[in-house]
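Some notes on the structure that comes next.
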Amino acid sequence: MNIQNTIETAVKQGFLALYNVEIPSVEFQATRKEFEGDITVVVFPLLRYKKGNPVQIGEDLGNYIVENVAEITNYNVVKGFLNLVIDDVFYTNFFNSVYSDTSFGFVTPKADDKAIMVEYSSPNTNKPLHLGHVRNNLLGYSVAEIIKAAGKKVYKTQIINDRGIHICKSMLAWKKFAPNGNDGQKETPENTGLKGDKLVGNYYVKFDQEYKKEITNLIAKGLTEEEAKKEAPLFKEAQQMLLKWESGDEEVVDLWKTMNGWVYDGFEVTYKNMGVNFDNLYYESNTYLLGKDVVAQGLEKGVFYKKEDGSVWCDLTEDGLDEKLVLRSDGTAVYMTQDICTAIQRVKDYTDVGGMVYTVGNEQDYHFQVLFLILKKLGFDWAKQLYHLSYGMVDLPSGKMKSREGTVVDADDLMVEMTDTARTISEELGKLDGYSDAEKEDLYKTIGMGALKYFILKVDPKKRILFDPKSSVDFQGNTGPFIQYTYARIQSIIRKADFDYSKPVTVPFHEKEKELLKQLELFPDTIQQAAANYSPAIVANYTYDLVKEFNSFYQNVSILGETDLDKKIFRVQLAKKVADTIKSSFSLLGINVPERM
RNA sequence: GGCUCCAUAGUUCAAUUGGAUAGAAUAUCAGAUUUCGGCUCUGACGGUUGAAGGUUCGAGUCCUUUUGGAGUCACCA
C-alpha cells in the first residue's frame with residue numbers, strides 16, 4: 001500500500017471523526033522544497049464539504065494524522081496547505097523493498113486484460129523516411145513501450161501505403177528514365193549500391209521534375225495550369241498504370257513487387273538503426289478492397305445513407321462535423337472507408353484488442369475525429385478506446401520540408417550525422433582505452449542516437465519542433481548524453497566498489513539522500529501518468545530530474561570515500577538503484593545507456 | 001470564411017491537469033571542486049505567461065473577446 005493511499009484514508013477518517021462529514025477524495029502534491037515536509041494535502045477543496053478556516057482545518061487534520069498514521073511524524077500548515085513529514089523508516093523500507101526488484105515501476109499485465117494496438121510509422125513506399133518519420137517512429141515506439149510498462153499488452157503495427165498513383169509515378173519514372181547500372185542492366189540497388197528506398201525515391205523526384213517540364217510546355221501552348229496538369233502525357237501514363245495495376249496486369253504487378261521489395265529492404269535497415277520494430281504489418285494493397293461489407297452494414301443500421309448518384313455518406317452534422325463520403329458513386333472506397341475496415345480487421349485478427357493508438361501527424365486531426373465517431377456510431381465497443389496520438393510538424397530553419405522538392409532531412413543521413421558528432425566529441429575526451437573499434441562505433445551510435453531521441457521525445461508531442469541540424473542537438477544540459485554520462489559514471493563507481501554491498505542496511509539519511517529517495521519513489525507513478533497522457537516527454541523529464549538530483553548528491557556526498565561501512569553500502573546501493581532506474585526509464589524512450597563513455 | 005491546435009526568460013523546454021513566490025537547461029557573469037570520471041556543483045542576471053475582460057479562496061491552465069502562427073475543411077492518401 002503506498003503512503004499516499006494510507007494518508008488519503010486517514011484524512012477521510014479524520015474528516016468523519018472531526019466534522020462528521022464524508023469526503024470523496026483528497027488532493028495531494030509533493031511538498032515544495034522551501035517548506036518542511038514531504039507530502040502535502042491541499043485543504044482548500046475540502047472547504048466545499050466543511051465551511052471554515054482552512055488553516056484551522058489543516059491543523060485539526062494534521063493532529064489527527066500524526067496520531068493515527070505511524071509513518072507521519074510531524075506536520076505544519078501554511079495557508080491552506082498541510083505539509084506532512086514522512087518518517088525515514090518509511091523510506092528505508094521503501095528502498096529495501098525495491099532495491100533488488102529489477103522491474104521496479106513496471107506493471108505486469110493480467111492475463112485477461114485487453115490489448116492495445118499501437119500503429120506508427122506507416123510510410124508511403126515511394127520515398128525514403130525523413131525527419132518527420134523519425135518523430136513519428138520514436139513517439140510511436142516509445143508510447144507503445146510506456147503503455148506496456150504501465151501494465152497493458154501491446155501490439156505494434158503499421159499500415160504500409162503500398163498502392164496508389166504515387167507508387168505508379170516512381171515506377172513509371174524508373175521504367176522510362178533509369179539508366180543502366182554497372183552490369184549493363186537498368187539501375188537496381190544491387191548494381192548501384194544505393195539503398196532501395198533511396199533509389200525509388202530518386203525516381204519519384206524524377207517523375208515530378210519531368211512532369212513539371214511537360215506542364216510548362218503545355219501552358220506555353222496555351223493551356224491553363226489546371227488543364228496542363230490533367231493533360232500532361234506522363235500523368236496520363238501514370239493513371240493508365242494504376243488502372244493496369246488494379247486489373248492485375250502481370251508486368252505492372254511484377255514491377256510493383258520488385259520496386260516495393262527494394263523499398264522494404266531499405267526501410268528495414270533504417271528501422272534497425274533507429275531501434276524500432278513491429279509485431280505485425282498491414283498492407284494497403286490487401287485492405288483497400290475491403291469495405292463494401294462495412295458500407296452495407298452501415299446502411300442497414302441507418303448510420304450511412306445513399307444519395308441519388310449512388311454515393312454513400314455518413315451524416316455527422318449533429319455532432320458538429322460535416323457529411324462524410326464513405327463510398328464513391330462509382331462504388332469504390334475512399335481513404336476513410338479503408339481506415340474503418342482496417343480497424344475492424346485488426347480486431348478480427350487479434351481478438352484481445354480493446355483499443356488502438358494511431359500515431360499520425362496533426363494535419364489529420366479532423367480525419368481521426370471523423371473516423372472514431374463513425375466507428376462509435378457503428379457500435380463497436382472498442383471504439384471508445386481509440387486515441388489519435390497527434391504530433392506537430394518538425395520544421396527546419398529554412399522552412400517546410402517537401403520531399404518532392406528534395407528539401408528534406410533524410411532519416412539515414414541524420415543518424416549518420418549524429419553518430420559522427422558523438423564520435424568527434426568522444427575522441428576529444430578519449431576515455432575509451434581498451435575498447436575495440438567495433439565497441440567504439442557501437443558507443444558512438446548509442447550516444448548519437450541518444451541525443452537525437454531525447455531531443456525529440458522530451459518535447460510534448462502536440463507541439464511543433466524547430467529542428468536545426470547544426471546547433472539544436474547539444475550534449476550538455478537537458479540532453480540524452482548528459483543523462484547517459486551520469487549513468488556511465490555510476491557504473492564506474494560500481495566497478496570500483498570491490499566489497500560486498502548486498503545486505504540491506506538502515507542508516508540515517510543525508511538530506512540529499514532523502515531527496516533522491518523521494519525522486520525514485522515517483523517512478524512507478526510517472527510511468528502511469530505518461531501512459532495515461534501518451535507522453536514520453538513525462539518520462540524524459542522525470543529522468544532528467546532524477547539525474548539532476550543524483551548529481552547534486554554526488555557533489556555533496558562522498559560514496560566510496562565514506563568511512564562508515566553501512567553508509568558506504570547504502571550509498572553504493574542508492575547509486576546503483578538510480579542507474580537501474582535511468583536504464584529502465586530510458587528503455588521506455590528507446591534509448592540505450594553505455595557502461596563507459 | 002467555419003472548425004482544430006499552438007503562443008511562457010534572448011533561445012530550447014517545464015509547471016504534479018485549477019494550487020503556495022511560474023521552474024530547469026542554454027547563453028552571459030561570479031564562485032566551488034581539481035578527488036568516485038573530465039560533460040560535476042553553488043549563485044547572479046533574465047518574466048505584465050501574446051493582449052483585454054470574466055469565473056473563484058486561488059488562473060499559465062477554465063470561459064468570452066482579440067492578435068499572431070500552423071493545420072484542416074477533396075468522389076486525394
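Chain identifiers are assigned alphabetically (A, B, ...) following the order of the sequence lines, protein sequences preceding nucleic acid strands; residue numbering begins at 1 within each chain. Computed from a predicted structure; not experimentally measured.
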[M] and [N], which share atom name [atom1], separated by this distance in whole Å:
| N | M | atom1 | answer |
| --- | --- | --- | --- |
| U26(B) | A14(B) | C1' | 14 Å |
| A20(B) | G58(B) | P | 14 Å |
| U48(B) | A7(B) | C1' | 16 Å |

### Task
Report the distance from atom CG of L560(A) to atom C1' of G37(B), rounded to the nearest whole Å.
12 Å
## Note on the structure
For V459(A), the side-chain contact (heavy atoms from CB on, under 4.5 Å) test, sequence neighbours excluded, returns R135(A), K463(A), I465(A)
### Query
For F81(A) and A20(B), is the gap between ring centres under 5.5 Å while the planes differ by less than 30°?
yes
### Query
Does the aromatic ring of Y554(A) sit over the six-membered base ring of U40(B), closer than 5.5 Å centre to centre and tilted less than 30°?
no
Identify the pairs formed between an N or O of the protein and an N or O of nucleotides 21-25 of chain B at a distance under 3.5 Å, and give each distance.
residue: U21(B); atom: OP1; partner: K79(A); partner atom: NZ; Å: 3.1
residue: A24(B); atom: O2'; partner: Y544(A); partner atom: OH; Å: 3.4
residue: A24(B); atom: O2'; partner: K548(A); partner atom: NZ; Å: 3.0
residue: A25(B); atom: O2'; partner: N478(A); partner atom: N; Å: 3.2

Base [N] to side chain [X], donor-acceptor N/O within 3.5 Å cut-off:
| X | N | result |
| --- | --- | --- |
| D322(A) | A74(B) | no |
| Q555(A) | U40(B) | yes |
| S329(A) | C75(B) | yes |

Below 4.0 angstrom from OP1 or OP2 of [N], is there any side-chain N or O of [X]?
| X | N | answer |
| --- | --- | --- |
| K496(A) | G37(B) | yes |
| R328(A) | C76(B) | yes |
| K463(A) | A7(B) | yes |
| K462(A) | C6(B) | yes |
| S311(A) | C75(B) | no |

### Query
Quick one: which of A70(B), A14(B), A77(B) gets closest to the side chain of H166(A)?
A77(B)
### Summary
Intra- and inter-strand pairing of RNA chain B, written as dot-bracket with Watson-Crick and G-U pairs under 3.5 Å and | for the latter, reads (((((((..((((.....[...)))).(((((.......))))).....(((((..]....))))))))))))....
#### Entry: Neighbour count >12 (heavy atoms, 6.0 Å) for atom CZ, R48(A)
no
